[in-house]
Amino acid sequence: MLSITKFRTDPDLIAAGILAKGETVNIDEIIKLDEKYRNQVTELNAMRAERNQTSEQIARQKRAGEDASVAIKAMRELSDKIKSTELETGDILTEINNKMEYIPNLPHKSVPRGQDATDNVIVREWGQEPEFDFKPLNHLQLGTDLELFDFNRGAKISGSGFPLYTGLGAKLERVLINFMLDQHVENYGFLEIFPPFMTRRDSSRTTGQLPKFAEDMYHTDVDDLFLIPTAEVPVTNIHRDEILSETDLPKYYVAYSACFRREAGSYGKDTRGLLRLHQFNKVELVKFVRPEDSYQELESLTAQAESILQKLGLHYRVVELCSGDLSFSAAKCYDLELWAPGEQKWLEVSSCSNFEDFQARRGNIRYRRTADRKVDFVHTLNGSGVATPRLLVALLETYQTEDGTIILPPVLHEYMGIREIK
RNA sequence: GGAGAGGUGGCAGAGCCUGGCUGAAUGCGCCGCACUCGAAAUGCGGUUUACUCCUAGAGUAACGGGGGUUCGAAUCCCUCCCUCUCCGCCA
């Protein structure tokens with residue numbers, strides 16, 4: 001949620017930002033509504049002040065045993081007027097808030113302007129493209145041959161997009177999750193969280209999935225719960241409606257969760273294997289930080305996510321999203337993309353975003369500054385650290401050998417108890 | 001699923017029966033000052049948030065959400081949501 005004050009003081013900035021995100025919003029309409037709202041509030045305040053004064057007078061008269069019927073009679077009329085104005089004012093405020101809920105966050109000034117993914121900027125590349133003296137297979141072929149997963153049976157059980165990992169595939173999945181959690185906890189001081197996988201409506205609103213993207217989520221009708229599309233939802237809501245102490249910041253959380261996405265509208269895209277799924281596993285990093293630190297924290301967050309890929313020795317690149325490709329809630333975002341030699345393409349395995357105070361406003365997540373004891377919204381950030389399916393794709397395809405054996409990178413040897421999968 | 005209790009400030013917890021001087025006692029925490037070489041302890045003072053207005057300053061709102069009764073609601077009534085306890089069922 002953006003601050004309504006900004007609409008008043010700097011409407012052009014808002015307009016430019018929303019435009020850069022490729023959306024259209026009727027800003028004048030909101031400004032007009034806000035003006036109307038404030039006029040009503042001023043009027044209301046005056047009437048209420050009068051009511052309070054007269055009320056006190058009535059109380060005084062009654063205590064003194066005097067007759068207060070004249071004042072009471074006059075108040076009856078005023079009270080009705082107040083009530084009707086309150087109703088009207090409430091409606092206007094609701095209308096404003098409803099509109100505000102659908103307005104995206106603005107891109108940070110450093111974000112390159114652009115329309116879509118083709119305007120994204122490659123910031124850096126790490127490692128070397130693996131070379132093969134044979135034609136590398138894709139993960140589907142490799143995994144099927146080694147019986148690491150079974151998509152047909154997964155589809156039989158739950159439908160397409162629900163992977164069934166088997167044997168060493170299941171173990172590798174578990175090991176990767178453990179490895180990533182351990183790295184973030186031990187090296188960067190993240191607090192490990194195991195969150196609920198279903199959340200209430202309010203929680204999904206904080207992070208921006210609701211109300212705009214309801215159709216992307218799985219929902220249970222009877223209990224009105226939403227299956228989380230990312231651990232970002234429950235973890236960011238840990239501090240909803242709280243006032244943190246500045247000395248508590250920054251707070252770093254890392255959480256594993258299964259992620260559930262309906263992927264409505266993306267049928268036919270990346271349908272093969274593990275590239276796009278309805279259910280997948282992800283380790284998510286979430287930060288609550290002071291506003292003045294958030295852009296520095298975004299850089300370190302990205303580096304922390306990258307460290308996983310580096311330790312696994314995978315070739316990747318960091319892409320800075322252009323304004324038009326940014327998600328609804330993000331002000332700035334880096335994607336990490338792994339090179340998959342079998343697929344012959346870059347696969348997004350992480351998005352590291354700074355939401356500034358956008359989510360904090362929605363979730364009312366604040367902190368008290370030490371210097372002046374004032375409260376202010378925190379900045380929230382999160383990044384995948386990282387998602388497993390595409391990581392597994394790149395891992396299998398990168399470390400394959402001609403006979404189909406997978407030579408595991410050294411950091412996984414102890415976790416797996418073996419050095420290769422064959 | 002059955003029965004009951006409860007939702008008040010950063011936290012704990014009064015107030016609700018008996019509506020008005022209660023934005024809310026008290027304690028803890030926090031901030032400042034004093035004492036001290038320093039700290040602890042102690043003492044004194046301060047400490048909700050949001051909004052509106054032409055600033056100073058003033059005003060308004062908020063005691064889970066919404067509605068009602070009333071001149072006036074944290075307090076009375078209705079309704080929804082949430083939390084907890086006991087029983088049942090289940091991992």
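Predicted model, so just to flag it, every value in this text is computed and none were measured.
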Between [atom2] of [N] and [atom1] of [X], the distance in whole Å:
| X | N | atom1 | atom2 | result |
| --- | --- | --- | --- | --- |
| A/Asp241 | B/rG10 | CG | C1' | 14 Å |
| A/Gln40 | B/rU60 | CD | P | 18 Å |
| A/Asn364 | B/rA62 | CG | C1' | 13 Å |
| A/Glu43 | B/rG59 | CD | C1' | 15 Å |
| A/Asp372 | B/rC30 | CG | C1' | 14 Å |
| A/Gln53 | B/rG59 | CD | P | 9 Å |
| A/Asp248 | B/rG29 | CG | C1' | 13 Å |
| A/Glu56 | B/rG20 | CD | C1' | 9 Å |

Any side-chain donor-acceptor pair under 3.5 Å between [X] and [Y]?
| X | Y | value |
| --- | --- | --- |
| A/Lys287 | A/Gln304 | yes |
| A/Asp150 | A/Thr166 | no |
| A/Glu232 | A/Gln359 | yes |
| A/Asp224 | A/His219 | yes |
| A/Tyr256 | A/Glu192 | no |
| A/Glu297 | A/Tyr252 | yes |
| A/Lys332 | A/Ser110 | yes |
| A/Ser351 | A/Ser353 | no |

Identify each atom pair where a protein N or O and an N or O of nucleotides 80-83 of chain B are less than 3.5 Å apart, giving names and distance.
unit_1, atom_1, unit_2, atom_2, d
B/rC82, O3', A/Arg200, NH2, 2.7
B/rU83, OP1, A/Arg200, NH2, 2.8

Verdict with supporting geometry, A/Tyr316 and A/Glu306, side-chain hydrogen bond (donor to acceptor under 3.5 Å, both in side chains):
CA-CA 9 Å; A/Tyr316 72 88; A/Glu306 284 181 67; 2.4 Å; yes

List the atom pairs, donor and acceptor, that lie under 3.5 Å between side-chain atoms in residues 413-422 of chain A and the rest of the protein, sequence neighbours left out.
unit_1, atom_1, unit_2, atom_2, d
A/His413, NE2, A/Leu408, O, 2.8
A/Tyr415, OH, A/Asp182, OD2, 2.6
A/Glu420, OE2, A/Lys422, NZ, 3.2

In this structure, is the centre-to-centre distance between the rings of A/Tyr367 and A/His379 below 6.0 Å?
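No, the ring centres sit 6.0 Å or more apart.
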
Is the gap between the ring centers of A/Phe260 and A/His278 under 6.0 Å?
no

Tell me which donor-acceptor pairs under 3.5 Å the side chains of residues 12-22 of chain A have, and how far apart each pair is, sequence neighbours excluded?
unit_1, atom_1, unit_2, atom_2, d
A/Lys21, NZ, A/Asn105, O, 3.1
A/Lys21, NZ, A/Ser327, O, 2.6
A/Lys21, NZ, A/Phe328, O, 3.1
A/Lys21, NZ, A/Ala330, O, 2.8

Given the [atom1] atoms of [N] and [M], what is the spacing between them in whole Å?
| N | M | atom1 | answer |
| --- | --- | --- | --- |
| B/rU70 | B/rC76 | C1' | 10 Å |
| B/rG20 | B/rA73 | P | 11 Å |
| B/rC82 | B/rA39 | C1' | 45 Å |
| B/rU48 | B/rU22 | C1' | 15 Å |
| B/rC31 | B/rA41 | P | 13 Å |
| B/rA56 | B/rC51 | P | 15 Å |
| B/rG38 | B/rA61 | P | 49 Å |
| B/rC11 | B/rG19 | P | 30 Å |

Report yes or no: is the cationic atom of A/Lys251 (NZ for Lys, CZ for Arg) under 6.0 Å from the centre of the six-membered ring of A/Phe288, at an angle within 45° of the ring normal?
no

Please tell me which of A/Ala71 and A/Arg48 maps to the more 5' nucleotide of RNA chain B, matching each residue to the nucleotide holding its nearest heavy atom.
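The residue mapped nearer the 5' terminus is A/Arg48.
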
According to a strict under-4.0 Å criterion, is A/Asn52 in side-chain N/O contact with OP1 or OP2 of B/rU60?
yes

Is the backbone N or O of A/Leu225 less than 3.5 Å from a side-chain atom of A/Asp223, with the two atoms forming a donor-acceptor pair by type?
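Between the backbone of A/Leu225 and the side chain of A/Asp223 there is no qualifying donor-acceptor contact (under 3.5 Å).
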
Members of residues 79-91 of chain A that approach RNA chain B, where some heavy atom sits under 4.0 Å away
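The stretch gives A/Ser79, A/Lys83 as the residues lying under 4.0 Å from the strand, ordered by number.
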
Once base and sugar-phosphate atoms are separated, protein heavy atoms under 4.0 Å mark nucleotides 46-54 of chain B, 5' to 3', with B, S and - as ---SS-SS-

Contact class for A/Lys62 (heavy atom, under 4.0 Å): base, sugar-phosphate, or nothing?
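Base contact.
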
Hey, does A/Ala49 reach any base, or is it just sugar-phosphate, or nothing, if we go heavy atoms under 4.0 Å?
sugar-phosphate

Canonical and wobble pairing (Watson-Crick, G-U, under 3.5 Å) of RNA chain B, dot-bracket with |
((((((((.[[[..)....(.....]]]((((((.......))))))((((((...)))))).[[[[[..)....]]]]])))))))....

